[in-house]
Visitor: 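One structure, pasted below without further comment.
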Amino acid sequence: MNLNTITTENIMIAVSEQEKFSDLNFVMAYENDIKPTPVGSPIIAFSTKGCEIGPKLTNTLENGEIVTTKEREYKITVSMDIYLPYSMGGVKGHQIFDRLATFFLYEKNYDIIKVVCSETDYDNSCQAIVLKSQIVFHAVSDV
């Protein structure tokens, strides 16, 4: 994977282009965005929660010489918060999370380190049930 490929926006685009997720709304999240109140249909808000870029990688040649490459390992943590109308209930959030996690783990060619979700909670500011989740992607790129 190329560093330009694994960005939060490109990950959101990859999932939003799938017909099987046409029942969901995908947006880039920002802390100060005004959220729809009340939430009328499932919204999945993507944001970057962290990025780690490691040192340049090395290769050992047949003659034993160690050379430094331009490649670096990196990890990007993407938040994928699921907002649901209260009437849909918390179980629906976990069902949506399962669909999305399955897509990233088994249907795309991403190297995923970790997939995590929390318990559902109620966000009074947008009158919605919220399930917070994160996916940690791993890649090597020549930056």
Visitor: So, using side-chain hydrogen bond (donor to acceptor under 3.5 Å, both in side chains) as the criterion, who are the partners of Asp123 when residues are at least two apart?
Guide: Ser125
Visitor: Quick check on the hydrophobic clustering: are Ile82 and Met88 connected, directly or via other members, by side-chain heavy-atom contacts under 4.5 Å?
Guide: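 They do share one cluster, since a chain of ILVMFWY contacts under 4.5 Å joins Ile82 to Met88.
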Visitor: Following the transitive rule for hydrophobic clusters with a side-chain heavy-atom cut-off under 4.5 Å over Ile, Leu, Val, Met, Phe, Trp and Tyr, establish whether Ile44 and Val91 coincide in one cluster.
Guide: no
Visitor: Could you tell me which residues satisfy side-chain hydrogen bond (donor to acceptor under 3.5 Å, both in side chains) with Ser118, sequence neighbours excluded, listed by chain and number?
Guide: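 Checked Ser118 against side-chain hydrogen bond (donor to acceptor under 3.5 Å, both in side chains); zero matches.
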Visitor: Between Arg72 and Ile53 (side chain of the first, backbone of the second, donor and acceptor by atom type, cut-off under 3.5 Å), is there such a pair?
Guide: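 It does not hold such a pair.
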Visitor: State, with a plain yes or no, whether a side-chain heavy atom of Tyr74 is found less than 4.5 Å away from one of Glu52.
Guide: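 The answer is no, as the side chains (C-beta and beyond) never meet within the 4.5 Å cut-off.
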Visitor: Let's go through Val116 and Ile135 carefully: what are the C-alpha distance in whole Å and the side-chain angles of both, what is the deciding distance for side chain to side chain contact (heavy atoms under 4.5 Å, CB included) to 0.1 Å, and is it a yes or a no?
Guide: CA-CA 6 Å; Val116 179; Ile135 300 178; over 6 Å; no
Visitor: To the nearest 0.5 angstrom, please state how far the CD1 atom of Ile13 sits from the CZ atom of Phe46.
Guide: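 Here the interatomic distance stands at 10.5 Å.
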Visitor: List the atom pairs, with distances to 0.1 Å, where a side-chain N or O of residues 62-69 and a protein N or O form a donor-acceptor pair under 3.5 Å, not counting sequence neighbours.
Guide:
unit_1 : atom_1 : unit_2 : atom_2 : d
Asn63  : OD1    : Glu65  : N      : 2.8
Thr69  : OG1    : Leu57  : O      : 3.0
Thr69  : OG1    : Glu71  : N      : 3.1

Visitor: Mind listing the closest non-hydrogen atom pair of Ser47 and Ala29 along with its distance?
Guide: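 Smallest heavy-atom distance, with atoms named: CB-O, 3.8 Å.
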Visitor: Treating Ile, Leu, Val, Met, Phe, Trp and Tyr as nodes and any side-chain heavy-atom pair under 4.5 angstrom as an edge, say whether Leu131 and Ile96 lie in one connected cluster.
Guide: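 Result: yes, single cluster for both.
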Visitor: Do Leu100 and Leu105 belong together in a cluster built from hydrophobic side chains that touch within less than 4.5 Å?
Guide: yes
Visitor: Please collect all side-chain hydrogen bond (donor to acceptor under 3.5 Å, both in side chains) contacts where either partner lies in residues 86-97, sequence neighbours excluded, each pair once.
Guide: none
Visitor: With a 3.5 Å cut-off and sequence neighbours excluded, list the donor-acceptor pairs that the side chains of residues 21-28 form with protein atoms.
Guide:
unit_1 : atom_1 : unit_2 : atom_2 : d
Ser22  : OG     : Glu19  : O      : 3.1
Asp23  : OD1    : Arg99  : NH2    : 3.0
Asp23  : OD2    : Arg99  : NH1    : 3.0
Asn25  : ND2    : Ser41  : OG     : 2.8
Asn25  : ND2    : Pro42  : O      : 3.3

Visitor: Going by the rule salt bridge (Lys or Arg N to Asp or Glu O under 4.0 Å), which residues pair with Glu107 if we only count those two or more places apart in sequence or in a different chain?
Guide: Lys20
Visitor: Hey, mind stepping through Tyr110 and His138 against side chain to side chain contact (heavy atoms under 4.5 Å, CB included) and telling me if it holds?
Guide: CA-CA 8 Å; Tyr110 292 120; His138 170 265; over 6 Å; no
Visitor: Using ring-ring contact (aromatic ring centres under 6.0 Å, His included) as the criterion, list what pairs up with Tyr83, not counting sequence neighbours.
Guide: none
Visitor: State which residues pass side-chain hydrogen bond (donor to acceptor under 3.5 Å, both in side chains) with Lys75; sequence neighbours excluded, sorted by chain then number.
Guide: none
Visitor: Once side-chain hydrogen bond (donor to acceptor under 3.5 Å, both in side chains) is applied, what residue pairs with a partner in residues 127-136 remain, sequence neighbours excluded?
Guide: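 Residue pairs passing side-chain hydrogen bond (donor to acceptor under 3.5 Å, both in side chains), neighbours aside: Asp81-Lys132.
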Visitor: Taking ILVMFWY side chains as joined if any heavy atoms are under 4.5 angstrom apart, and letting links pass through other members, which residues group with Val136?
Guide: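 Its cluster partners, ordered by chain and number, are Ile113.
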Visitor: Taking all non-hydrogen atoms of both residues into account, name the closest pair between Ala128 and Val39 and its distance.
Guide: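 Scanning both residues, the minimum pair turns out to be CB-CG2, 3.5 Å.
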Visitor: Between Val130 and Thr120, is the side chain to side chain contact (heavy atoms under 4.5 Å, CB included) condition met? List the steps.
Guide: CA-CA 5 Å; Val130 180; Thr120 55; over 6 Å; no
Visitor: Hey, what do you get for OG (Ser141) to CD (Glu73), rounding to the nearest 0.5 Å?
Guide: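 Here the rounded value is 11.5 Å.
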Visitor: For Ile112 and Val115, which heavy atoms make the closest approach, and how far apart are they?
Guide: CG2-CG2, 3.6 Å
Visitor: For Ile11 and Phe137, what are the C-alpha separation, side-chain angles and deciding distance, and is it a side chain to side chain contact (heavy atoms under 4.5 Å, CB included)?
Guide: CA-CA 10 Å; Ile11 290 165; Phe137 296 86; 3.4 Å; yes
Visitor: Should Met12 and Phe97 be regarded as members of a common hydrophobic cluster, given that ILVMFWY residues are connected when their side-chain heavy atoms come within less than 4.5 Å of each other, either directly or indirectly?
Guide: yes
